[in-house]
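The structure under discussion appears below in the form of structure tokens.
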Amino acid sequence: MSRGNVHRFRPKTPKPEELLRTIRKLVKEGEYAFAMSDDDRTVAGGALNVPQALEILEFGDIDGEIVPGLEAGEWECQLVASLELRNSYAAVQTVVVRKEKLIVKSARWLN
């Protein structure tokens, strides 16, 4: 039996405003985890600490594309913001899992 053309279902990408609301809700509820590699912790300029990363998640904006994660219901994006005390920009790379959990993959200074 021939499979012919198989079309995979591609879920609709959430709008940035919708994903930001979800991210901020998950942070407020404490539904987040940090899963940064050693490479992320040793990048030039150093990694952000947890309070700084949470500040980016609370006040930052999505920069770039929102892309599907590895599993169904996962969305990846990068948030950026300027932190007052450093006068420089920082970025946090996140994965939202089925609107239930936020995973921080990296948190770093941009300049």
Side-chain angles (χ1 to χ4, degrees):
M1 181 163 107
S2 172
R3 290 185 170 222
N5 292 334
V6 176
H7 297 281
R8 294 184 183 254
F9 171 72
R10 181 180 170 136
K12 184 178 176 187
T13 303
K15 294 180 180 177
E17 309 82 39
E18 177 187 342
L19 194 56
L20 277 173
R21 276 193 303 274
T22 299
I23 289 168
R24 291 184 174 130
K25 174 182 162 282
L26 293 171
V27 169
K28 184 177 181 181
E29 294 172 352
E31 296 296 332
Y32 58 85
F34 286 78
M36 296 171 22
S37 70
D38 288 338
D39 290 340
D40 292 324
R41 298 176 204 279
T42 59
V43 293
L48 300 174
N49 60 36
V50 171
Q52 291 167 328
L54 293 175
E55 186 176 343
I56 300 293
L57 294 170
E58 187 175 353
F59 299 108
D61 293 308
I62 292 176
D63 181 46
E65 287 186 273
I66 298 169
V67 297
L70 297 176
E71 302 290 329
E74 292 183 350
W75 295 101
E76 294 190 33
C77 69
Q78 176 174 276
L79 278 73
V80 297
S82 175
L83 298 180
E84 289 181 30
L85 297 177
R86 290 266 313 232
N87 195 24
S88 73
Y89 280 87
V92 176
Q93 186 74 28
T94 66
V95 179
V96 175
V97 181
R98 291 179 295 283
K99 296 186 178 182
E100 298 172 0
K101 184 86 172 172
L102 179 67
I103 300 170
V104 176
K105 291 174 60 175
S106 70
R108 59 191 168 79
W109 295 106
L110 295 175
N111 54 6

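Taking 4.5 Å as the limit, every side-chain heavy atom of Val96 sits out of range of all side-chain heavy atoms of Pro14. Residues Lys28 and Arg24 are not in side-chain contact: their nearest non-hydrogen atoms beyond the backbone lie 4.5 Å or more apart. Two residues are said to be in side-chain contact when any heavy atoms from C-beta on lie closer than 4.5 Å; Phe34 and Val104 meet this criterion. Residues Glu76 and Gln93 have side chains in contact (heavy-atom distance under 4.5 Å, counting atoms from C-beta outward). With contacts defined as side-chain heavy-atom distances shorter than 4.5 Å, the pair Leu83/Trp109 qualifies.
Between Ile56 and Ala81, the shortest heavy-atom contact is CD1-CB, 3.6 Å. Residues Gln52 and Leu48 share a closest heavy-atom pair of OE1-CA, 3.5 Å. Among all heavy-atom pairs drawn from Trp75 and Ile66, the shortest one is CE3-CG2, 3.9 Å. The heavy-atom pair separating Gly60 from Leu20 by the smallest distance is O-CD2, 3.8 Å. Residue Pro16 comes nearest to Ile62 through the heavy atom pair O-CD1, 3.6 Å, listed as atom of the first residue, atom of the second, then distance. Closest approach of Ala35 to Ile103, counting heavy atoms only: CB-CG2, 3.8 Å.
Taking CG of Asp63 as the start and CG of Leu79 as the end, the distance is 9.0 Å to the nearest 0.5 Å. In this structure, OG1 on Thr13 lies 10.5 Å from CD on Glu18, to the nearest 0.5 angstrom. To the nearest 0.5 Å, atoms CD (Glu17) and CG (Asp61) are separated by 10.0 Å. Rounded to the nearest 0.5 angstrom, Glu31 CD and Lys99 NZ are separated by 15.5 Å. In this structure, OG1 on Thr94 lies 4.0 Å from CD1 on Ile23, to the nearest 0.5 angstrom.
In terms of hydrophobic clustering, with Ile, Leu, Val, Met, Phe, Trp and Tyr side chains grouped at heavy-atom distances under 4.5 Å, Leu19 and Val27 are assigned to a common cluster. Follow the hydrophobic side-chain contacts under 4.5 Å out from Phe59 and you never reach Val92; the two are in separate clusters. Neither Leu102 nor Val95 shares a network with the other; the hydrophobic side chains, linked directly or stepwise wherever heavy atoms of I, L, V, M, F, W or Y lie under 4.5 Å apart, form separate groups for each.
The environment of Lys101 atom NZ is dense: over 12 non-hydrogen atoms of other residues, nucleotides or ligands sit within 6.0 angstrom. For Glu71, the CD atom counts as loosely surrounded, since its 6.0 Å shell holds 12 or fewer non-hydrogen atoms of other residues, nucleotides or ligands.
Judged by distance alone, with hydrogens and angles left aside, the side-chain atoms of Glu58 form no donor-acceptor pair with the main-chain N or O of Leu54 at under 3.5 Å.
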